[in-house]
Each structure stands twice: as structure tokens, then as C-alpha cells.
Q: 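For reference, the structure I am asking about is given below.
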Amino acid sequence: MDMRTRPYRSVLYIPASKERALEKARSLPVDAIIFDLEDAVAPAEKDAARDMLGTALQTDYGARARIVRINGLDTDWGRADAQAANDMPCDAVLLPKVESAEHLDELAGICGKPLWAMMETPRGMLAAAEIASHLRLAGMVMGTNDLAKDLQTRFRADRLPLQTGLGLCLLAAKASGKVIVDGVYNAFKDEDGLRAECTQGRDMGFDGKTLIHPAQIAVANAAFAPSDDERDLARRQIAAFEQAEAAGQGVAVVDGRIVENLHVATARDILARSDAIAAMTAE
């Protein structure tokens, strides 16, 4: 499936050092997996985790997008990670703490895979447009835990302290046509809190949410998929507009609301996303 059209509703972090987790991930209903060589792997396990991941990826993960998060290129393991990932059957390589296009240039010189960027520092927020426009970049991941730490924010359910950074990255990703997924929700047993944050992220325009536990998958998949009501309205808007056009009119009315070209474009996008989810689920 094309990286630009595939769903990214649920993007689950899996430690590359945990063989059981690598195996279980093959049966989970996630849209994408981030195989983590960075934060989730202890320094003493870095080399072994890299080898374990290379072996694990030789086995089919189905339609799930396979993204390898390497260590930073300024660490003892980053370059070896990038070189190894270049030979792995993965869909993309995710670089942590990207703060400039030059960071991506350095990785592009080592690895020929599509690149993704972790957006998790104040400097990264300020360079979001430059980073998103990089020719090799395919997607962006919000690292909200690190961003909150650097900003010295207090936790708020509405994420108000993070809104500037989230908005800057969203604008940059949308302007450059790149995938962008929201940060994690740490309280993995709090389903209501997760649902509220997923709804906020979807309303803002994120393509999906990164997850830390399989228990979060169902909520994210539901939140970032078009609902039955959205699909029904989309079909009726398209039909009404086509009927209006046939009658020589430029607008239609559905449920008491004006429907113009821009609304029809949104409706077609909703149906296309729904079809892509159905196709992926069927694979």
C-alpha cells in the first residue's frame, strides 16, 4: 500500500529488544508499528536489539506500516542503526529529535529508506516548516512527552500548553502533504481520557495517534476512522452537489447547510479514507 494513502489511525511503539512483543505485534489490528531502538531499549541491549529486529522483520507483518526508530546520529548507536535499517524490509526510518533539515540530510546520506521525523523539541517546533518540506521526508511524529519536559509545562487534559507546537507541526505537515501522527497518551488504562485526546487530535487534523499499549488500539482506530454518520453525510453531499451541477447550479443544500466544491472535496476524502481502511483491514 502507498505510504501516502495508507491509514495511520493507530501507530504502536514496540521495543525492538522484546522478542515476545515483536511476535505479538504481527496479530494486532494496528495500522503501523514503530519498532523502537531508542528510548525503549537499554544501552546494554542496543546492539542485540538491532540484530533481533533485523531478524524479526524478515517475517511478514501484513499490511501494517513498519517504521524503525533509530537512535540519534550523535549517539554511539545511531549510525549503525541507520546502516542496519537500510537493509531491513521496513517502510521508513524515524529519526529522533529532528531540529533542522540538516539532520535529515545526514540520515539521508546513510539510509535510502523514506524518512520520518520525531518532532519533540522547541527548536524542532520552530523549524517545522523547513523539516516538513524536506524531499525525503514522508511523515512526522509528535513527541509530546519530550516537548512537555523541555517546555516545563504542567499536565492539562486539554493540552493547552502544547497547542502552539502541535499547531506549528500540523500546519507544516499539511502544507507539504506529509503524514503526521499525534503523541502518546501515557495513562494507558484510562480509556475515557485516551478517547478525549484522540478526538481532540482528530478534530485538529492529525492522521492518527502513537500508542504505548495494545489496549489503546481500538479507541484510536475508532476515533480516527470516518463514522457511519460522516460517511452517510459525505455520500448525500456528493449526490446533492452532482444533481445541482446537472441543473446548472453551483451550490446544493443538505440538511439545511450549503454544499460547495470544497465540501464535496472533503466528502470525497472521507470516503477515500474509509475505503483505504476497509482495504487494509481486508489484507
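Note that the coordinates shown come from a computational prediction; the quantities given were computed from them, not determined experimentally. Just so you know, these numbers use all the heavy atoms, side chains as well, and skip hydrogens, waters and symmetry mates.
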Q: Considering residues at least two apart in sequence or located in another chain, which fulfil the ring pair (Phe, Tyr, Trp, His ring centres under 6.0 Å) criterion with Y61?
A: F35
Q: With sequence neighbours excluded, what pairs up with T121 under the side chain to side chain contact (heavy atoms under 4.5 Å, CB included) test?
A: K97, E99, R123, D150
Q: Got a second to check how far L95's CG is from H103's NE2, nearest 0.5 Å?
A: 8.0 Å
Q: Using the salt bridge (Lys or Arg N to Asp or Glu O under 4.0 Å) rule, collect all pairs that involve residues 40-49, keeping only residues at least two apart or in two chains.
A: D47-R50
Q: Could you grab the distance from atom CG of D182 to atom CD of Q200, nearest 0.5 Å is fine?
A: 7.5 Å
Q: Rounded to the nearest 0.5 Å, what separates atom CZ in R66 from atom CE in M88?
A: 12.0 Å
Q: Can you measure from CD (Q237) to CG (L271) and round to the nearest 0.5 angstrom?
A: 9.5 Å
Q: Identify the two heavy atoms, one from A25 and one from I33, that lie closest to each other, and give their separation to 0.1 Å.
A: CB-CD1, 3.7 Å
Q: Quick one: ring pair (Phe, Tyr, Trp, His ring centres under 6.0 Å) pairs with a partner in residues 166-192, sequence neighbours left out?
A: F188-H213
Q: Taking ring pair (Phe, Tyr, Trp, His ring centres under 6.0 Å) as the cut-off, I'd like each qualifying pair that reaches into residues 219-269, sequence neighbours left out, listed once.
A: none
Q: Look up atom CD in E106 and atom CG in L73, then write down how far apart they are to the nearest 0.5 Å.
A: 4.5 Å
Q: Does R202 have any side chain to side chain donor-acceptor pair (under 3.5 Å) partners at least two apart in sequence or in another chain, and if so, which?
A: none
